[in-house]
Amino acid sequence: MTSRNARMLERTARRRLRRDGAAFVADLGVGLAPRHRSMPAGSDASAAFDDLFDHLVRLLAVTRGPGHVGELLRLLAAGRPDDPEHDRYVASVLASCQRPADLAPVYEEGGAASEELRACLLHELVLRGVPVAETPGIASWATSPHWRDHPLAALPLVPAEPERDPDLPAYSVDGSSCGFPYPDPEDRYPAPRLDAAPAAAVANWAEHPEEPEGRVEARTFAFPEPLEPGALPGALVALGLDCLTDLGELPEPGRKTAFGVVPVEAVEVWRFLFAASSTGGAYDSACYAAYGRLHAWRSLAALAGAPPDAPASEVEARVRECTWYRFAADTPWFHRVVWDLGVLALSPDRRRLAVLAATTTD
């Protein structure tokens, strides 16, 4: 198969979907799958098929219609029978584009959908406000104990308070779009008054092979006396953080500077963490919304000082008790393009400070 052949078949699939329905699109991919398995891995022919297959999957996933979800599952079983990373992507597209009532085939007992696809789709829907425990066709699987050992099973089936209005992608046949909740790297802040496991959500920025410029710093500090709000910026600078190396002298209060510490609500911190994991950095390191939700909660829990095995209700209570800040600094450590993240969590007694900083660039 050549790239030209693949593009021709893509156009055919779009045309025939309108005329002949979803079965034609699935049959096209299912029929080509045995040929793909015989192609040398990494060859141009194999790459062309991968592009075609992904287009067929996306075409069925974004287009509503009778039988589309069932035919999509048949196509996945033939072309990507055991690909958890692809399942996360498909779950994101389905949740964004299909009606919850039409997703029941994913949860049919003995059906073709993988457990990974089911779990990811469930939490993609939770983030979109779908009451999964009450939705026919989904509820029985969602409330069943059989998947309790899946990592995503630790997450609640209703959004927690910090998860209001997450930035979620919108998909079409030809592309996708998503917001960027990160602060403007060119922001300037009032100068501070000098007298007065956390990295789970950004691990993909530093560990993804195509993110060579990714950096993460996550540290926790204990203070003998409570930190007053006005003393926090100066204390932060004195901690010896890598991300603040070469910050230089802090200006007098009242002047504008590229270093600042700003109070924020926990919901804003969650959005930063969720976006960092779910949409990734400058390259293709996205975990999509289900695992983005999991990683954001793990980071938020660690920043708030919750035990690793704490239930969601305890994590939410700890998060609510902490005081949250974001910070930014014009230092060589931060790339100051788009993907810069600096968050702080101060414990209720103001003696424990958790710091998470991350940066990457294209």
Side-chain angles (χ1 to χ4, degrees), residues 166-167 169 178-189 191-192 197-221 232-250 256-264 266-288 291-304 324-346 353-362:
D167 287 290
C178 189
F180 283 89
Y182 310 109
D184 186 340
E186 299 304 318
D187 277 354
R188 294 294 187 269
Y189 305 96
V202 289
N204 52 340
W205 286 14
E207 297 174 358
H208 194 275
E210 293 183 358
E211 296 276 358
E213 299 297 328
R215 304 187 189 113
V216 175
E217 184 172 19
R219 299 170 69 180
T220 304
F221 302 90
L232 183 55
L236 186 64
V237 172
L239 292 175
L241 293 164
D242 292 340
C243 64
L244 298 184
T245 300
D246 296 328
L247 180 63
E249 294 294 326
L250 295 180
K256 294 290 184 177
T257 175
F259 170 71
V261 179
V262 179
V264 295
V267 62
E268 186 172 350
V269 176
W270 185 87
R271 284 176 185 153
F272 295 159
L273 299 172
F274 175 72
S277 182
S278 64
T279 63
Y283 297 92
D284 186 15
S285 55
C287 294
Y288 300 102
Y291 278 90
R293 186 186 188 209
L294 177 65
H295 297 156
W297 267 112
R298 285 177 174 173
S299 286
L300 208 64
L303 287 166
W324 297 88
Y325 303 85
R326 63 176 170 89
F327 73 94
D330 189 1
T331 68
W333 193 90
F334 285 104
H335 292 296
R336 296 183 63 78
V337 179
V338 173
W339 301 273
D340 287 329
L341 178 68
V343 296
L344 307 172
L346 192 59
L353 180 67
V355 181
L356 175 60
T359 188
T360 188
T361 189
D362 52 15

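In what follows, every heavy atom counts, from backbone to side chain, and hydrogens, waters and symmetry copies are set aside.
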Requested in this report: Taking the side chain as every heavy atom from C-beta outward, state whether L341 and L273 have any pair of such atoms under 4.5 Å apart.
Outcome: yes

**Report entry** For the student: nearest non-hydrogen atoms of A358 and V216, plus distance
**Finding:** CB-CG2, 4.2 Å

Report summary line: Sorted by chain and number, sequence neighbours left out, side chain to side chain donor-acceptor pair (under 3.5 Å) with W297 holds for E163

**Report entry** Inter-residue atom distance L236.CG - F221.CZ, 0.5 Å rounding
**Finding:** 8.0 Å

Query raised in the report: Roughly how far, to the nearest 0.5 Å, is the CG atom of L346 from the CG atom of L353?
Result: 6.0 Å

Query raised in the report: So do T245 and W333 actually touch side chain to side chain, heavy atoms under 4.5 Å?
Result: no

Requested in this report: Please report the closest heavy-atom contact between P166 and F274, naming both atoms and the distance.
Outcome: CB-CE2, 3.9 Å

Query raised in the report: Any side-chain heavy-atom pair from L344 and V269 closer than 4.5 angstrom?
Result: no

Query - Minimum-distance pair of heavy atoms, taken over all atoms of S277 and H295 - result: OG-ND1, 2.9 Å

Query - Evaluation steps, salt bridge (charged side-chain N to carboxylate O under 4.0 Å, His left out), between R215 and E217 - result: CA-CA 7 Å; R215 304 187 189 113; E217 184 172 19; over 6 Å; no

Report task. Evaluate the side-chain proximity of F327 to L232: yes if any heavy-atom separation is below 4.5 Å, no if none is. Result -> no

**Report entry** L247 side chain reached by T331 side chain, heavy atoms, under 4.5 Å
**Finding:** yes

Requested in this report: Might you point out which heavy atoms bring R326 and V264 nearest each other, and give the distance in Å?
Outcome: CG-CG1, 3.8 Å

Query raised in the report: Are any of the side-chain heavy atoms of S278 and Y288 separated by less than 4.5 Å?
Result: no

**Report entry** Residue list, side-chain contact (heavy atoms from CB on, under 4.5 Å) with A304, at least two apart or on another chain
**Finding:** R318, V319, C322, W324

Report summary line: CG (L356) and OG1 (T220) are apart, to the nearest 0.5 Å, by 10.0 Å

Requested in this report: State, to 0.1 Å, how close A357 and C243 come at their nearest heavy-atom pair, and which atoms those are.
Outcome: CB-SG, 3.8 Å

Query raised in the report: Atom CZ in F272, atom CG in D167: separation rounded to 0.5 Å?
Result: 10.0 Å

